Each structure stands twice: as structure tokens, then as C-alpha cells.
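Data block below; observations after.
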Amino acid sequence: MPHPENFAKGLSIGIIMDGNGRWAKKQGLPRTAGHKKGAEVFQDITRYCNELGVESVTFYAFSTENWKRPYEEVGAIMRLFGEYLIKAFDYQKENNRVVFLGERSALEPKHQKLMDEIETKTAHNTGMTLNIAVNYGGRQEIVHAAQQLARQVQEGALAPEDITEALMSQHMYTHGQKDPDFILRPSGEKRLSNFMLWQAAYSELVEMDVLWPDFTRNDLDLAIEEFNRRSRRFGGI
């Protein structure tokens with residue numbers, strides 16, 4: 001059945017890719033197999049968002065807290081990330097602009113170099129913006145913005161009373177982008193887990209009881225339908 005007109009056009013979506021480890025356990029597989037399958041789903045859902053005319057989508061790939069996981073699991077996730085970075089150069093034809101959110105200095109230098117190259121090569125693309133949050137934390141992002149503004153105050157370029165919500169937003173990793181219309185969390189969990197805390201002030205939250213490796217295009221359709229049924233008042237009546 002075809003989607004109604006403007007079903008998803010212009011939407012900004014945040015996605016917490018959750019449930020890879022639990023999916024693998026249910027299959028009797030190592031957790032790393034769940035991350036591999038989750039990476040395949042990520043690529044397919046990225047393409048589908050592009051086909052639907054989504055304005056931007058932000059995937060929570062690796063949080064600042066994920067370093068606490070077993071060494072082997074972290075290593076496997078980073079290897080998958082490296083493989084994605086190489087494949088990402090093939091996405092030029094899809095006209096996506098790719099932006100990496102997070103503190104990248106903790107990542108391998110070769111990965112940092114590829115991230116810089118991808119952002120530079122896609123910076124002028126006019127299609128969907130694909131944000132990938134790696135070594136990202138919402139609180140860390142707010143602290144990072146506050147530090148930048150504090151330096152400007154220290155240098156005399158800015159007065160404390162000049163700091164507004166709009167100015168703070170300009171110093172977030174997502175500067176220049178609109179805040180997410182909704183944040184999707186598969187796996188049945190009901191928390192933000194330090195994801196886009198500043199940007200999510202008025203985002204709708206959509207939870208789905210499906211593990212990320214089992215997530216399909218139809219599931220995204222259902223999530224968008226759920227969002228489209230919501231009444232958004234932004235604090236008004």
C-alpha cells in the first residue's frame with residue numbers, strides 16, 4: 001500500500017539502535033554477531049529514510065558509556081565501524097550529507113581521518129543528512145558547548161548574558177539542523193540513555209518491542225504512523 005503524501009517528508013528522526021546483544025543471545029550466537037546484523041539493518045534503514053524523503057536521521061552507534069563493555073565486544077564494534085567508513089564512500093550517489101557526532105579523539109587515527117574525509121566530501125550534498133553518533137553522550141555534548149562558550153567569555157568576545165538557548169544550539173554537534181521530531185527506541189526499553197538530551201526537549205518518544213537486528217522497513221513505517229498520530233503542542237494548549 002503506497003504511503004500517503006508527505007508521510008515522512010521533511011522529518012528529523014533519532015534512532016537508538018538497541019538490542020543487538022539480546023538478539024544474538026536469543027539466537028545462541030556471540031554478541032558480536034548481533035552487532036554485525038545490526039550494522040546491516042542500519043544501512044538498509046538509512047537507504048529507506050532517504051527514499052522516504054526524511055530530512056535527517058541520527059543513529060546512536062556507540063555511546064561514551066559503551067567503552068565499559070568487554071574488550072572483545074568494543075573491538076568488534078569498532079571494526080564494523082571501520083568497515084562502514086570504507087563503504088560510506090560508495091554512498092556519494094545517494095547525495096547524503098554525513099556528519100559524525102561525538103568526541104572523536106578517542107577513536108583510532110585512521111578512523112578519524114576517514115571521518116574527516118567523508119564529512120568533507122559530502123558537505124555540499126543536498127539530500128538527507130545522516131548523523132552517526134560515535135563516542136557520543138548527550139551530557140558530554142552539552143559540556144562541550146558550554147566549554148566553547150566559556151572560552152569566548154574568557155576571551156572577552158562574549159558576555160555571559162549573551163548566552164541564549166539559540167546560541168547554545170549553535171554549539172551543539174547538530175548545529176544548523178532541526179531538532180528530532182521523534183526519537184525511536186526499539187527493544188522495548190523506555191529511556192533516552194544519554195542520547196540527544198538538548199535536542200530532545202520536545203521530541204516525541206516512540207518505543208517498539210522489536211530488537212534492532214529484527215527491525216524492518218515496515219517497523220519504521222509503523223513508527224512514523226505512530227508519530228503522525230501524535231498531537232504536538234510544545235507546551236501550549
Side-chain angles (χ1 to χ4, degrees), residues 1-20 22 38 41-42 44-65 96-97 99 101-102 127-134 136-142 145 164-166 168-237:
M1 182 176 176
H3 298 127
E5 188 177 0
N6 296 326
F7 172 71
K9 192 171 181 60
L11 284 182
S12 176
I13 303 172
I15 300 179
I16 300 173
M17 299 184 289
D18 194 22
N20 293 338
R22 277 171 284 168
V41 173
F42 153 74
D44 183 56
I45 295 300
T46 296
R47 290 193 173 95
Y48 189 47
C49 285
N50 202 30
E51 292 170 17
L52 290 174
V54 168
E55 180 177 319
S56 66
V57 59
T58 303
F59 288 95
Y60 202 8
F62 191 84
S63 77
T64 49
E65 290 75 36
N96 290 336
R97 181 169 75 102
V99 180
L101 316 181
M128 183 182 77
T129 296
L130 169 60
N131 295 312
I132 304 172
V134 182
Y136 170 89
R139 288 183 172 181
Q140 171 246 15
E141 179 181 25
I142 294 169
T164 61
E165 287 187 20
M168 280 287 288
S169 292
Q170 289 171 25
H171 287 78
M172 296 293 159
Y173 295 129
T174 53
H175 58 89
Q177 301 183 38
K178 79 170 189 175
D179 292 339
D181 294 298
F182 75 91
I183 291 179
L184 165 66
R185 181 158 194 161
S187 85
E189 302 291 352
K190 302 181 186 297
R191 58 181 179 271
L192 283 174
S193 295
N194 204 16
F195 181 56
M196 302 191 88
L197 299 182
W198 178 269
Q199 298 88 339
Y202 277 101
S203 301
E204 297 292 321
L205 304 180
V206 178
E207 300 100 10
M208 301 184 75
D209 195 15
V210 53
L211 301 175
W212 179 249
D214 287 328
F215 196 84
T216 65
R217 293 183 172 204
N218 183 61
D219 290 317
L220 184 60
D221 285 348
L222 293 173
I224 294 170
E225 287 172 3
E226 168 64 22
F227 166 75
N228 286 336
R229 286 193 293 268
R230 302 278 180 93
S231 174
R232 306 185 76 201
R233 295 182 295 277
F234 300 97
I237 297 175

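Computed from a predicted model, the values in this text were never measured in an experiment.
For the residue pair S187/W212, the side-chain donor-acceptor check at 3.5 Å is not satisfied. Checking Q140 against T64 by side-chain atom types alone, no donor-acceptor pair falls below 3.5 Å.
Interatomic distance, SG of C49 versus CG of L130, reported as 9.0 Å (0.5 Å rounding).
N131 meets the side chain to side chain donor-acceptor pair (under 3.5 Å) test with T58, Q177; sequence neighbours excluded. Scanning for side chain to side chain contact (heavy atoms under 4.5 Å, CB included) contacts around L222 gives M208, N218, D219, E225, with sequence neighbours left out. Listed by chain and residue number, nothing satisfies the salt bridge (charged side-chain N to carboxylate O under 4.0 Å, His left out) test with D221 (two or more places apart in sequence, or in another chain). Residues satisfying the side chain to side chain contact (heavy atoms under 4.5 Å, CB included) test with E65, not counting sequence neighbours, are Y60, S63, K68, N194. By the side chain to side chain contact (heavy atoms under 4.5 Å, CB included) test, E207 is found to be paired with K190, L205, residues two or more places apart in sequence or in another chain being considered. For A8, the side chain to side chain contact (heavy atoms under 4.5 Å, CB included) partners are L11, L52, V54, I224, not counting sequence neighbours. Remark: S12 pairs with S56 by the side chain to side chain donor-acceptor pair (under 3.5 Å) rule, at least two apart or across chains. In terms of the side chain to side chain donor-acceptor pair (under 3.5 Å) criterion, E55 has no residue partners (sequence neighbours excluded). Applying the salt bridge (charged side-chain N to carboxylate O under 4.0 Å, His left out) test to R139 and every residue at least two apart in sequence or in another chain returns nothing. Applying the salt bridge (charged side-chain N to carboxylate O under 4.0 Å, His left out) criterion to K178, with sequence neighbours excluded, gives D181. In terms of the ring pair (Phe, Tyr, Trp, His ring centres under 6.0 Å) criterion, residue partners of F59 (sequence neighbours excluded) are, by chain and number, F42.
For N6, the CG atom is densely surrounded, since the number of other residues' heavy atoms within 6.0 Å is greater than 12.
Side-chain contact between Y202 and D179: absent, with no pair of heavy atoms (C-beta onward) separated by less than 4.5 Å. Contact of the I142 side chain with the M168 side chain is registered, since non-hydrogen atoms from C-beta on lie closer than 4.5 Å.
Salt-bridge annotation for R230 and E226: present, with a side-chain N of the basic residue lying under 4.0 Å from a carboxylate O of the acidic one.
Applying the salt bridge (Lys or Arg N to Asp or Glu O under 4.0 Å) rule to pairs touching residues 10-20 yields D18-R22, D18-R185, sequence neighbours excluded.
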